[in-house]
Amino acid sequence: MSTILAIETSCDETSVAIVRDRHVLGNVVSSQIAIHQQYGGVVPEVASRQHVETVNGAIAQAFQQAQVHWTDIDGVAATCAPGLVGALLVGLTAGKTLAMLHQKPFLGVHHLEGHIYAAYLSEPDLQPPFLCLLVSGGHTSLIYVKDCGSYEILGQTRDDAAGEAFDKVARLLNLGYPGGPAIDRLSQQGNPHAFALPEGQVSLPQGGYHPYDSSFSGLKTAVLRLTQKLQQSEPELPVADIAASFQLTVAKALTKRAIACALDYGLETIVVGGGVAANSALRHQLQAAAVKHNMRVLFPPLKFCTDNAAMIACAAAEHFNRGHRSQLTSGAQSRMAISDVMKLYER
Ligand code: KG4
Ligand code: ZN
């Protein structure tokens with residue numbers, strides 16, 4: 001059993017958590033959404049500066065929530081890849097400094113491995129192998145989870161991530177940022193069958209389509225064209241119908257690929273992670289398909305789906321228990337495949 005303090009600053013959330021294996025003792029999340037909203041998206045320099053201002057207070061608050069002291073902490077972890085480099089550096093530098101100061105082992109954590117570990121926080125008995133559908137602002141991946149540190153990417157997006165598609169479509173419908181929650185909310189009042197939109201398929205050189213890869217840029221363009229056409233013919237744009245039709249198209253595309261992938265690889269559990277896991281249409285479509293195929297689908301609570309340090313600490317705790325440690329010289333990386341996670345550790 002190990003108690004880990006983790007810091008997550010890969011994008012626009014400053015988060016610090018203290019976790020004992022799969023049990024959250026404290027989890028502080030300070031969102032910058034209100035700050036970035038005025039620019040219509042995340043501004044990297046503003047995010048970094050905000051992390052610098054918030055991180056110390058969040059560390060103190062996490063200790064207060066968890067009711068533990070430095071003597072109870074076994075290791076310090078920080079997200080080191082992938083993400084906005086300037087933002088990552090703030091949490092990483094804070095983590096490495098604390099590890100040095102308090103003479104604790106340090107662990108750099110891959111952000112996507114954290115998203116996978118979010119599922120363990122609400123299902124501590126969950127065991128690999130399982131399939132993870134990771135759908136966030138930056139990623140749309142189907143990951144075969146074999147063991148801690150052992151991942152195979154089976155599917156990904158060729159262009160926009162699912163969350164990015166929600167954000168871009170919301171922007172063109174003037175719904176603000178972040179787009180996912182806005183589209184989800186408005187879709188409740190719309191007809192999801194009002195407009196037929198292309199789900200976006202990825203062609204293979206030998207013919208046919210990739211069964212697990214996604215492409216959302218064509219769908220985004222289709223929504224743009226539809227909007228332009230309707231603006232010419234309709235007195236008022238049926239925004240709710242467009243939002244609901246777009247949302248259902250994305251949910252169906254993701255569900256189709258996740259189920260096909262789980263079936264092909266003989267995996268009976270699908271874990272969903274990332275901000276788009278909150279989407280009501282995706283939840284509905286995937287649950288229904290899973291029941292039909294005798295599969296189990298796990299949607300962690302939303303507070304663990306969106307960026308948080310508890311999931312980072314949980315992943316770090318498992319690596320810590322296996323004797324994995326990172327060097328204090330390790331740096332931040334904007335890109336890194338999840339299949340390379342073990343490069344972060346010396347054994
Ligand atoms: O995982 P996350 O918090 O941050 C990243 O690591 O990217 O995901 C944020 C993304 C945003 O694109 C946001 O629009 C989307 O998740 N999102 C949603 C919903 N809630 C958040 N997308 C669709 N439906 C939602 N209810
Ligand atoms: Zn994330």
Side-chain angles (χ1 to χ4, degrees), residues 6-15 17 27 29-33 36-37 40-42 44 47 78-84 87-88 91 109-119 132-141 143 156-157 160-173 175-188 190 192 214 216 219-220 243-244 246-255 271-286 299-312 314-315 334-336 338:
I7 307 174
E8 153 67 41
T9 61
S10 68
C11 191
D12 59 349
E13 246 91 43
T14 315
S15 181
N27 184 36
V29 182
S30 169
S31 174
Q32 304 177 3
I33 285 182
H36 297 288
Q37 239 155 10
V42 178
T79 309
C80 61
L84 302 170
L88 283 167
V109 177
H110 192 288
H111 183 74
L112 299 193
E113 190 175 37
H115 273 302
I116 293 171
Y117 268 77
C132 179
L133 169 64
L134 211 162
V135 273
S136 67
H139 294 88
T140 302
S141 308
I143 303 165
Q156 46 196 334
T157 179
D160 294 346
E164 194 180 353
F166 271 95
D167 293 336
K168 286 180 175 172
V169 166
R171 197 174 310 153
L172 75 89
L173 295 175
L175 298 177
Y177 176 85
I183 289 189
D184 203 349
R185 229 174 296 123
L186 190 63
S187 293
Q188 311 304 321
S214 312
F216 292 114
L219 170 59
K220 178 192 63 194
F246 162 77
Q247 175 168 289
L248 183 64
T249 308
V250 175
K252 279 186 163 172
L254 292 173
T255 297
V271 164
V272 192
V276 185
N279 187 260
S280 57
L282 176 62
R283 285 177 174 248
H284 183 261
Q285 290 289 323
L286 198 52
F299 286 93
L302 186 59
K303 63 176 180 189
F304 297 142
C305 285
T306 49
D307 288 350
N308 66 88
M311 66 185 194
I312 302 298
C314 184
S334 63
R335 299 169 71 91
M336 183 182 192
I338 193 168

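Every heavy atom of this structure was used, including side-chain atoms; hydrogens, water molecules and symmetry mates were not. For the single chain, residues carry numbers from 1 onward in sequence order. Whatever order the structure lists ligands and atoms in, that order sets their numbers, starting from 1.
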Enquirer: Hey, is the main chain of Phe304 close enough, under 3.5 Å, to the side chain of Asn308 for a donor-acceptor pair?
Expert: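 Pair found, side chain donor or acceptor close to backbone of Phe304.
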Enquirer: Step by step, would you call Asn279 with Leu254 a side-chain contact (heavy atoms from CB on, under 4.5 Å)?
Expert: CA-CA 12 Å; Asn279 187 260; Leu254 292 173; over 6 Å; no
Enquirer: Counting only protein atoms, how many N/O/S atoms are less than 2.8 Å away from the Zn ion (ligand 2)?
Expert: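 Under the 2.8 Å cut-off, the count stands at 3.
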Enquirer: At a 4.0 angstrom heavy-atom cut-off, what protein residues surround ligand 1?
Expert: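 Contacts of ligand 1 under 4.0 Å: His111, His115, Ser136, Gly137, Gly138, Gly163, Phe166, Asp167, Pro178, Gly179, Gly180, Pro181, Asp184, Gly274, Gly275, Val276, Ala278, Asn279, Cys305, Thr306, Asp307.
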Enquirer: Under 3.5 Å, is there a donor on one side chain and an acceptor on the other for Gln188 and Ser280?
Expert: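 On atom types as modelled, these side chains qualify, holding a pair under 3.5 Å.
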Enquirer: Looking at Ser15 and Ala309, would you say the former's side chain and the latter's main chain have a donor-acceptor pair under 3.5 Å?
Expert: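 A pair under 3.5 Å: yes.
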Enquirer: Do side-chain atoms of Thr9 reach the backbone of Ala87 as a donor and acceptor pair under 3.5 angstrom?
Expert: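 It does hold such a pair.
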Enquirer: Okay, side chain of Thr140, backbone of Ala162: is any donor-acceptor separation there less than 3.5 Å?
Expert: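 Such a contact is found between Thr140 side chain and Ala162 backbone.
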Enquirer: So how far is it from Lys252 NZ to Leu248 CG, rounded to the nearest 0.5 Å?
Expert: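 Answer for the NZ-CG pair, Lys252 versus Leu248, is 4.5 Å.
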Enquirer: Quiz question: by atom type and distance under 3.5 Å, do the side chains of Ser141 and Gln156 form a donor-acceptor pair?
Expert: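 Result is no, nothing qualifies.
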Enquirer: Distance-only, no hydrogens or angles: does the Arg335 side chain make a donor-acceptor pair with backbone N or O of Pro82 under 3.5 Å?
Expert: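 Pair absent, no side-chain N/O of Arg335 close to backbone of Pro82.
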